[in-house]
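The next block holds one structure in the form of structure tokens; read it before the comments.
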Amino acid sequence: MPLMLPLTVSCGLFGLGLYAVLARRHAVMVLLGVELMLNAVSLNLVAFDTWWADTLHTGQSLTLFVIALAAAEIGLGLAIVLALFRTVGNADVDAQEAPTTLLAEGGDEL
């Protein structure tokens with residue numbers, strides 16, 4: 001298989017993920033966009049590992065690390081989104097207000 005085919009698919013996946021992160025306002029859609037971008041990176045790693053015929057299979061080993069990182073990221077991200085939804089009532093990223101600065105008794109910021 002030529003190297004150009006997986007690279008083209010990977011660019012498409014990364015572009016869709018980038019669009020989802022930049023254009024969507026719902027927090028779950030932003031997390032899905034990040035997952036798409038991580039999958040594009042994984043596809044690139046495996047494609048280049050196969051292309052270079054690496055005997056240590058470094059690309060595949062790094063892909064397993066990226067998959068573990070993606071699983072941890074989605075678990076933590078969904079926990080944050082659920083906590084946000086329970087406290088505020090919506091998961092819209094743009095509708096959230098910036099946190100106010102807390103002042104100590106002496107006027108110093110915390």
Side-chain angles (χ1 to χ4, degrees):
M1 177 185 336
L3 182 63
M4 213 52 181
L5 180 63
L7 292 182
T8 305
V9 172
S10 177
C11 285
L13 277 176
F14 195 85
L16 283 173
L18 188 64
Y19 173 75
V21 168
L22 295 178
R24 300 294 177 182
R25 295 194 306 205
H26 199 271
V28 175
M29 292 300 290
V30 171
L31 288 174
L32 285 174
V34 171
E35 288 295 319
L36 278 175
M37 289 191 291
L38 285 173
N39 285 333
V41 169
S42 296
L43 182 60
N44 269 338
L45 287 172
V46 171
F48 279 114
D49 182 52
T50 305
W51 180 258
W52 285 329
D54 187 16
T55 57
L56 295 177
H57 300 294
T58 310
Q60 293 177 13
S61 301
L62 286 173
T63 299
L64 289 175
F65 178 72
V66 169
I67 290 171
L69 180 73
E73 175 262 333
I74 199 68
L76 183 63
L78 282 177
I80 292 171
V81 168
L82 283 175
L84 178 70
F85 184 77
R86 286 182 182 169
T87 57
V88 177
N90 64 3
D92 191 7
V93 177
D94 291 339
Q96 305 305 323
E97 295 178 9
T100 58
T101 58
L102 299 174
L103 297 176
E105 293 175 4
D108 297 331
E109 291 186 18
L110 293 176

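With sequence neighbours excluded, no residue forms a side chain to side chain contact (heavy atoms under 4.5 Å, CB included) with Asn39. Listed by chain and number, the residues in a side chain to side chain contact (heavy atoms under 4.5 Å, CB included) with Leu62 are Leu45, Thr58 (sequence neighbours excluded). In terms of the ring-ring contact (aromatic ring centres under 6.0 Å, His included) criterion, Phe65 has no residue partners (sequence neighbours excluded). Residues passing the ring-ring contact (aromatic ring centres under 6.0 Å, His included) test with Trp51: none are found, sequence neighbours excluded.
A distance of 8.0 Å separates CG of Leu7 from CG of Leu43, quoted to the nearest 0.5 Å. Residue Leu78 holds its CG atom at 13.0 Å from CZ of Phe85, rounded to the nearest 0.5 Å. From Met37, atom CE reaches atom CG of Leu32 across 11.0 Å, with rounding to the nearest 0.5 Å. Distance check: Leu38 CG to Ile67 CD1 gives 10.0 Å after rounding to the nearest 0.5 Å.
Counting side-chain heavy-atom gaps under 4.5 Å among Ile, Leu, Val, Met, Phe, Trp and Tyr, the cluster of Ile80 also holds Leu76. Hydrophobic cluster of Leu56: no remaining members, since no ILVMFWY side chain lies below 4.5 Å from it.
Listed by first then second residue, pairs satisfying side-chain hydrogen bond (donor to acceptor under 3.5 Å, both in side chains) with a partner in residues 60-69 read Asp49-Gln60, not counting sequence neighbours. Among residues at least two apart or in separate chains, side-chain hydrogen bond (donor to acceptor under 3.5 Å, both in side chains) pairs with a member in residues 2-16 are Ser10-Asn44. Every pair tested for side-chain hydrogen bond (donor to acceptor under 3.5 Å, both in side chains) that includes a residue from residues 73-85 fails, sequence neighbours excluded, so the list is empty.
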Indicate every side-chain donor-acceptor pair of residues 12-29 with a distance under 3.5 Å to a residue at least two apart or in another chain.
{"from": "His26", "atom 1": "ND1", "to": "Val28", "atom 2": "N", "distance (Å)": "3.3"}

